[in-house]
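What follows is one structure encoded as structure tokens, with my remarks underneath.
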Amino acid sequence: MELTHLTGLSQAELSELMASVGQPAYRARQIFSGIHARRLTSFDEMTDLPKDLRSRLSEQATISSLTVESRYISSDGTRRYLFKTRDNFPVETVFIPEEHRDTICFSSQSGCPLQCTFCLTAQLGLLRNLTAGEIVEQIIFALNDAYGIGVPTPRGTNLVAMGAGEPFLNFDNLMQAVGIMSEPAGLSIVPNRITVSTAGVVPRIRELAKIAERPHLAVSLAASTDELRDELMPINKKWPIDQLMAACKHFEKSLKRHERFTFEYVMLRGVNDSDEQARQLANLINRHDLRAKVNLIPHNPAEPLPYQPSAVERVEQFQKILEHKGVPAFIRRPRGRDILAACGQLAARSASGDTPVSISSGSMKRRIA
Ligand code: SF4
């Protein structure tokens with residue numbers, strides 16, 4: 001029997017479901033809080049529920065659909081989790097400790113249908129979209145592993161949808177997950193702590209512009225001419241740069257005065273990192289009069305990708321040219337390269353430093369601590 005995955009239900013949906021089996025609304029509130037605020041991972045741990053209800057729930061529903069296959073810890077403290085779904089598809093999540101606020105990078109799909117040539121995930125192809133519950137569960141798991149089950153996050157948490165997959169090709173499930181995570185009775189991670197990165201699914205950028213409570217937008221650009229972008233990010237053949245810029249402009253009009261959106265620009269040695277290409281990028285952004293900042297991301301090499309990262313001085317020079325032309329630009333520090341956790345490296349691979357576990361997420365903290 002297919003178990004209902006309660007983690008993917010909003011509090012209102014959970015109340016409806018519980019009402020349909022004759023349970024009062026406060027039981028739904030207890031369960032929602034158990035899953036999202038207390039971050040429990042099995043009904044057995046919800047000792048505020050009557051025992052017979054717990055056992056009925058265990059027979060018909062689940063709150064832990066992901067199983068941890070492996071957990072890797074980088075020398076820089078970054079953690080990568082490789083999960084399997086109930087139907088055996090890989091899911092990867094990365095926890096990145098930072099000075100002020102920790103970040104969790106989650107996946108929206110298992111694999112990815114897009115064929116960005118600098119990204120290892122592309123080689124998996126699309127395996128399937130993740131459900132809202134599977135998206136939320138990645139966050140619950142990473143928080144529990146980093147801080148302890150149910151322990152409040154010490155500094156708040158940023159989330160980025162930059163793991164495996166193109167989030168805008170799984171838009172409904174992504175937005176359902178964003179809604180669930182923002183509920184004050186649960187994880188209470190508001191949308192403006194979340195950034196969604198797209199390779200350029202133009203219709204969804206326009207759709208996001210209509211949503212009031214929404215995550216931040218990051219657009220992965222990688223090139224400022226169609227010729228090069230067609231090669232690096234084939235999605236450009238469907239939605240070329242001019243259409244993408246027009247959608248970004250449309251989105252920008254929906255931003256509040258102090259808000260900006262982001263272009264991500266992966267730096268590939270000898271491919272897209274020349275002075276001329278920096279000027280082209282700045283001109284493109286300025287020509288469309290876009291209030292955007294650029295994150296320069298050193299490429300993370302991995303076999304068999306055919307690229308190397310740009311040298312540090314090259315990235316700095318590229319940044320200078322952008323800044324000189326009035327485009328704010330920041331250099332992102334690669335994290336977790338040694339455990340294949342960095343941008344573009346997620347391909348369900350094993351790495352040295354493996355700490356394999358085969359467990360249900362409920363007992364994760366104790367077993368791997
Ligand atoms: S960069 Fe993102 S969109 Fe492109 S193939 Fe990789 S996961 Fe997919």
Side-chain angles (χ1 to χ4, degrees), residues 1-67 83 85-86 91 93 104 106 108 130-154 156-159 161 170 172-194 211-215 360-365:
M1 184 184 69
E2 183 72 24
L3 300 176
T4 308
H5 190 197
L6 301 188
T7 314
L9 302 182
S10 66
Q11 191 166 200
E13 289 167 337
L14 192 56
S15 297
E16 249 175 62
L17 183 73
M18 295 309 289
S20 74
V21 292
Q23 290 292 330
Y26 72 88
R27 289 287 179 225
R29 283 198 295 276
Q30 285 174 311
I31 296 169
F32 190 84
S33 161
I35 301 171
H36 300 280
R38 300 166 67 201
R39 304 198 304 262
L40 304 175
T41 47
S42 75
F43 296 114
D44 282 345
E45 294 165 85
M46 297 185 186
T47 46
D48 50 344
L49 301 178
K51 214 170 170 193
D52 66 320
L53 177 59
R54 278 186 267 152
S55 69
R56 262 186 296 146
L57 282 167
S58 303
E59 281 161 18
Q60 292 166 19
T62 181
I63 55 177
S64 291
S65 67
L66 299 178
T67 310
F83 302 99
T85 61
R86 289 178 86 84
V91 176
T93 311
I104 298 170
F106 64 94
S108 52
L130 298 183
T131 63
E134 287 164 341
I135 294 173
V136 177
E137 224 184 290
Q138 293 174 63
I139 312 307
I140 291 174
F141 186 89
L143 291 173
N144 280 347
D145 184 47
Y147 307 123
I149 292 175
V151 175
T153 56
T157 311
N158 286 333
L159 305 183
N170 189 18
D172 293 346
N173 290 349
L174 172 80
M175 294 311 288
Q176 165 86 357
V178 167
I180 292 168
M181 292 191 288
S182 71
E183 296 211 35
L187 286 166
S188 198
I189 300 173
V190 291
N192 92 24
R193 289 259 153 249
I194 305 174
I211 299 173
E213 292 298 310
R214 62 178 179 225
S360 73
S361 52
S363 50
M364 182 69 181
K365 185 65 192 171

**Study point:** Main-chain N/O of V151 paired to R39 side chain as donor or acceptor, under 3.5 Å
**Key:** yes
Point to revise | Closest contact, heavy atoms only, R54 versus L49 | key: NE-O, 3.1 Å
Point to revise | Steps toward side-chain contact (heavy atoms from CB on, under 4.5 Å) verdict (I63, E45) | key: CA-CA 11 Å; I63 55 177; E45 294 165 85; over 6 Å; no
Practice item. To the nearest 0.5 angstrom, please state how far the CE atom of M46 sits from the CZ atom of R27. Key: 12.0 Å
Practice item. To the nearest 0.5 Å, tell me how far L143 CG sits from I149 CD1. Key: 11.5 Å
Review point. So, Q23 and Q30: side-chain donor and acceptor under 3.5 Å apart, yes or no?
Key: no
Exercise for review: Using a 4.5 Å cut-off on heavy atoms from C-beta on, say whether the side chain of M175 contacts that of P215.
Suggested key: yes
Review point. Which pair of heavy atoms, one from H5 and one from S65, lies closest together, and at what distance?
Key: CE1-OG, 3.1 Å
Practice item. Would you name the heavy atoms of T93 and I104 that are closest together and state the gap between them? Key: CG2-CG2, 3.8 Å
**Study point:** Heavy-atom side-chain contact between Q138 and F141 under 4.5 Å
**Key:** no
Practice item. Check the pair E137, T41 against side-chain contact (heavy atoms from CB on, under 4.5 Å), reporting the backbone distance first and the verdict last. Key: CA-CA 9 Å; E137 224 184 290; T41 47; over 6 Å; no
Review point. Roughly how far apart are T131 OG1 and L174 CG, rounded to 0.5 Å?
Key: 12.0 Å
Exercise for review: Give a yes or no answer on whether the side chain of T62 reaches the backbone of S64 with a donor-acceptor pair at less than 3.5 Å.
Suggested key: yes
Exercise for review: Using modelled atom types only, decide if a donor and an acceptor are shared between the side chain of S15 and the backbone of Q11 within a distance under 3.5 Å.
Suggested key: yes
Exercise for review: Check Y147 against T153 and note the closest heavy-atom contact, atom names and distance.
Suggested key: CE1-CG2, 3.5 Å
Exercise for review: Report yes if some heavy atom in the side chain of I135 is under 4.5 Å from a heavy atom in the side chain of N170; otherwise report no.
Suggested key: yes
Check your understanding: What is the distance from atom CE of M18 to atom CG of L14, rounded to the nearest 0.5 Å?
Key -> 6.5 Å
Practice item. With rounding to the nearest 0.5 Å, note down the distance linking CZ in F32 to CG in L9. Key: 9.0 Å
Review point. At what distance, to the nearest 0.5 angstrom, does CD1 of I139 lie from CD1 of I180?
Key: 11.5 Å
Exercise for review: For F106 and V136, run side-chain contact (heavy atoms from CB on, under 4.5 Å): C-alpha distance rounded to whole Å, both residues' side-chain angles, the deciding distance at 0.1 Å, then the answer.
Suggested key: CA-CA 9 Å; F106 64 94; V136 177; over 6 Å; no
Point to revise | Any donor-acceptor pair under 3.5 Å from N192 side chain to R214 backbone | key: no
**Study point:** Result of checking L187, D145, L66 against I140 for side-chain contact (heavy atoms from CB on, under 4.5 Å)
**Key:** L187
Practice item. Could you check if a side-chain atom of E134 sits within less than 4.5 angstrom of a side-chain atom of F83, using non-hydrogen atoms only? Key: no
Revision key, fill the gap. Nearest heavy-atom contact between A132 and N173 is CB-O, 3.6 Å
Check your understanding: What pair of heavy atoms forms the shortest contact from T157 to I189, and how long is it?
Key -> O-CG2, 4.1 Å
Review point. So do the side chains of Q60 and T4 get within less than 4.5 Å of each other, counting heavy atoms only?
Key: no
Practice item. Side-chain contact test, heavy atoms from C-beta onward, threshold under 4.5 Å: evaluate it for T7 versus H36 and give yes or no. Key: yes
